[in-house]
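The block underneath contains the structure these notes are about, expressed in structure tokens.
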Amino acid sequence: MMVTILDIIIAGMLLGGIYALIAVGLSLQYGVARVLNIAHGEFIMLGAFITWTLYTAFGVNPLLSLALCGPTLFLIGYVLYIVLFSRLRVRAASPGAYEGNSMLACFGLLFIIQNLAILIWGADIKGYSFFAFPVDFAGARFAANRLITLGFAIVIGLVFYLFLARTRLGKAIRASAQEPEAAGLMGVNIDRVLALCFGLGALMAGLGGALISMSYKIQPTMGLEYTMIALIVIVLGGLGSIPGSFIGGFLLGLVGSIVTYVEPGLALVAYYVIFMMVLLLKPKGVLGK
Amino acid sequence: MALLKGEKVTRYFGGLAAVFDVSFEVQQGEALGLIGPNGAGKTTLFNLISAALTPRPGAIYFKGRKITGLSPYRICRMGVARTFQTVKVFPDLPVLTNVMLGASFGASPGLSWGDAAEEASEILEFVELSAVRDTPAGELTLANQKRLEVARALATRPDLLLLDEIMEGLNPTEIARSMELIRSIRGRGVTIIMIEHVMKAIMNLCDRIMVLHHGSKLAEGTPGEIAASDEVIRVYLGERAHAGS
Amino acid sequence: MNGRITTLNRLQRGIVPLVLLAVFALSPLVLKQYALILLTNTFMYIILAVSWSMFSGPTGYISLAPAAFFGAGVYTSAVLGFALPFPLIVITGGLASFCMAFLVGALTLRLRGIYFVMFTFGLVELLLNFVLWWEVTVTGTTGRVVPPLGNTTVFYFMLAILACLLLTAFRLKHSKYGFALQSIGQGEEAAAHTGIHVTALKMNTFALSAFFMGAAGVVMATRWTYIDPRIAFNPTLSFLPVLMAIFGGLGQLYGPIIGAAIFTYLEEFLITRFPYHYMLIFGITMVIAIRYLPDGLVGLVQKAWKQWSRRKHGAAQG
């Protein structure tokens with residue numbers, strides 16, 4: 001019995017690490033740049049497919065690909081913000097109108113990226129074997145790649161958090177999130193900072209995608225499911241809160257692993273029930289006041 | 001019987017009491033001025049009366065009936081209308097339509113859309129906005145938007161009208177017109193509570209003044225009594241002098 | 001007074017829609033099967049886009065729930081099958097969606113902006129996953145067969161729903177409740193303090209718009225003949241109507257109609273010409289529409305018209 005509970009908890013942590021990582025990027029994009037990026041999952045998918053291509057075609061170690069996926073996705077995100085979202089922001093009549101329009105534009109991006117990916121890589125499910133041997137951990141067996149994923153998720157999350165909390169740039173970003181006007185007055189180029197945030201969000205998605213490709217099957221249409229999970233996590237942790245996203249990720253991972261143990265088919269249903277309950281009862285997140 | 005009565009009305013935000021233990025009565029036909037430094041809880045008190053917020057604890061009675069816990073639209077239909085500190089007209093709708101909504105939904109019983117148009121035209125005549133009746137409300141000057149809010153409130157046929165700083169940001173000519181408007185509204189028999197920083201207006205228009213300070217009632221009396229009260233001068237006028245105004 | 005509509009005026013205004021209705025009602029006699037099906041599809045999208053904009057247009061609440069309400073209709077059709085006369089099934093499906101929307105409205109009243117958007121989209125995904133699980137574990141089926149009706153019958157039912165919807169939407173838009181809905185979009189707090197029962201108005205309109213989506217779902221299911229949860233609760237059906245309506249323009253009733261008609265035709269054209277690129281082109285159109293057409297196609301035309309008439313006026317003066 002003890003072992004079972006431990007099993008469930010560890011499985012939940014492994015799942016939660018991924019959830020947290022993919023949610024942090026979305027949280028930053030919404031919390032600061034005010035873009036509810038429905039195409040977030042497509043950026044994850046791009047990260048996963050870049051890693052897959054590099055590994056299967058050139059034998060590049062997936063962990064090395066992380067270093068390539070991040071900057072590539074950052075660039076895509078940065079340019080997208082400058083070309084598309086900054087214009088929408090300037091033109092919008094109200095913050096609410098901007099949030100609505102930018103979200104709808106993201107739906108368009110979702111279609112574009114997903115179908116470009118299908119044209120390039122085909123619609124089939126893909127995967128590769130990397131560190132797939134089992135490891136005994138706390139009396140239970142897990143695939144090594146999942147443990148690596150969890151480790152990297154935690155490290156990336158910490159680095160990211162320190163970047164926001166300690167560096168000058170990170171402080172500018174947080175200032176923009178809290179007081180956009182004041183930040184503009186303080187000489188922060190608001191458009192650049194927001195583009196940076198959107199780019200960083202895409203970067204986190206790319207890293208998440210690369211890690212996901214190590215232990216899960218991938219396909220061009222995988223994005224929306226991950227977007228929805230990221231969305232549920234950031235609602236759980238409180239919209240826009242980076243630490244909240246981390247806690248929310250692990251919380252949801254735990255819920256997922258518990259429900260999967262009881263009735264596997266209901267995991268997603270449980271996620272959505274929780275999502276809607278939180279929206280209704282604690283819209284500021286489970287940690288919010 | 002008082003038209004409006006508040007019993008130990010209290011409201012906390014977080015740990016801070018925005019309004020604390022305020023009891024008051026307003027008689028039919030009276031004009032009550034509500035003054036106090038910024039953050040004294042004046043607008044919060046309006047929000048409590050018009051049911052944007054619920055007092056916890058405390059109770060508010062209108063025409064002898066307890067109205068605590070009712071929805072804002074119910075309160076409006078019972079005869080309490082209000083304006084907003086930061087104007088909240090419906091910017092894309094024509095001026096006339098703004099007022100028609102009040103006549104059609106806020107009055108009890110509500111008028112048909114056709115009758116509402118006639119009533120609204122009359123009210124626009126009364127507040128001297130007929131010339132801009134077809135203009136989208138958002139394109140009016142601030143002074144006219146404030147007038148429009150008064151018109152929209154009047155269209156709901158209120159017994160009690162809550163005016164929240166309708167002279168703020170206006171020039172002396174506009175203030176004089178605004179005072180004239182309030183006088184003629186009183187002439188229609190409407191009871192008024194007004195929040196205002198323009199002391200000249202408060203002193204001239206109100207029968208009675210209530211002073212709020214840090215959410216509590218500091219003093220209450222005729223304009224003469226309030227002007228003579230050392231405590232009020234110290235707390236209220238003193239702070240305003242500090243603020244440099 | 002220009003506000004008064006004389007009886008003659010009213011007759012004149014009614015003639016155009018009546019003629020259009022007659023033309024469409026007679027069209028199955030002339031049209032080939034392919035064109036009839038395309039027209040039916042167009043009607044379906046117009047129904048979704050117009051009923052969406054009936055609520056979301058004036059209030060500014062972006063609902064991503066159309067797929068949920070449409071899907072409820074689809075499932076009503078599949079579950080009831082031939083158990084009831086078909087017109088009754090259409091009404092039942094509509095009522096099922098109406099009730100669901102009413103309930104959702106009651107729950108989400110306090111949610112504003114992006115929270116409402118997320119909740120409504122979550123609803124679609126929740127229903128999809130729940131029905132999927134229910135069908136697999138409880139009923140032991142994955143899909144269901146819906147008794148087919150024939151293309152012409154489907155067309156007429158769709159036309160009837162569309163006609164009712166347009167009449168309802170038109171009446172609503174020009175009634176006091178239509179203006180009240182707009183006031184909610186422009187200042188919900190002020191609307192409530194002006195005596196508008198904001199909650200009831202929002203819930204009823206939201207539910208009313210869902211009725212038509214559900215009814216359309218019932219009819220469409222009989223054309224598909226085989227349905228499963230992924231077909232019925234297809235998330236695409238949530239954002240397509242939104243895009244169509246915004247692409248066409250929300251200010252006027254005909255905006256969403258034009259948007260839906262163009263998009264349906266575009267879809268058809270792209271699928272036959274560029275089957276592999278169609279979703280891609282679709283996405284690009286979407287982004288361009290949002291980036292460059294803030295007031296939709298109708299807004300663009302109105303703006304151009306204004307400029308043109310101003311220039312003409314100026315030329316006459318100069």
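By convention in this document, chain letters (A, B, ...) are assigned in the order of the sequence lines, proteins followed by strands, and residues within each chain are numbered from 1.
With chain C as partner, the option from B:S71, B:G110, B:A52 having the largest number of non-hydrogen pairs under 4.5 angstrom is B:A52. Ranked by non-hydrogen atom pairs under 4.5 Å with chain C, the options B:D92, B:N98, B:T97 are led by B:D92. Taking B:R82, B:E149, B:M100 one by one and counting their heavy-atom pairs under 4.5 Å with chain C, the maximum is reached by B:R82.
Contacts between B:S104 and chain C at a heavy-atom distance below 4.5 Å involve backbone atoms as well as side-chain atoms. For B:A81, no part lies near chain C; criterion is any non-hydrogen pair under 4.5 Å. The contact between B:T156 and chain C is made entirely by side chain atoms (from C-beta outward), counting heavy-atom distances below 4.5 Å. For B:L111, the part lying near chain C is the backbone, with the side chain staying farther off; criterion is any non-hydrogen pair under 4.5 Å.
Taking each heavy atom of B:K88 and C:A190 in turn, the nearest pair found is O-CB, 3.4 Å. In terms of heavy-atom proximity, B:L101 sits nearest to C:T194 at C-CG2, 4.0 Å. B:R77 and C:G195 make their closest contact through NH2-O, 2.8 Å (heavy atoms, listed as atom of the first residue, atom of the second, distance).
Enclosure of atom CD in B:Q27 by more than 12 non-hydrogen atoms of other residues, nucleotides or ligands within 6.0 angstrom is indicated.
One distance of note links CZ of B:R152 with OG of C:S183; it measures 8.5 Å at 0.5 Å rounding.
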### Message
Is there a side-chain contact (heavy atoms from CB on, under 4.5 Å) between C:F179 and B:F90? Walk through the geometry before answering.
### Response
CA-CA 10 Å; C:F179 290 103; B:F90 306 126; over 6 Å; no
### Query
Step by step, would you call C:H193 with B:F84 a side-chain contact (heavy atoms from CB on, under 4.5 Å)?
CA-CA 10 Å; C:H193 287 287; B:F84 297 89; 3.8 Å; yes
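Between C:Y177 and B:F105, the two ring planes are perpendicular [angle over 60°; tilted spans 30° to 60°].
A distance-only check finds no donor-acceptor pair linking the side chain of C:Q182 to the backbone of B:L93 [under 3.5 Å].
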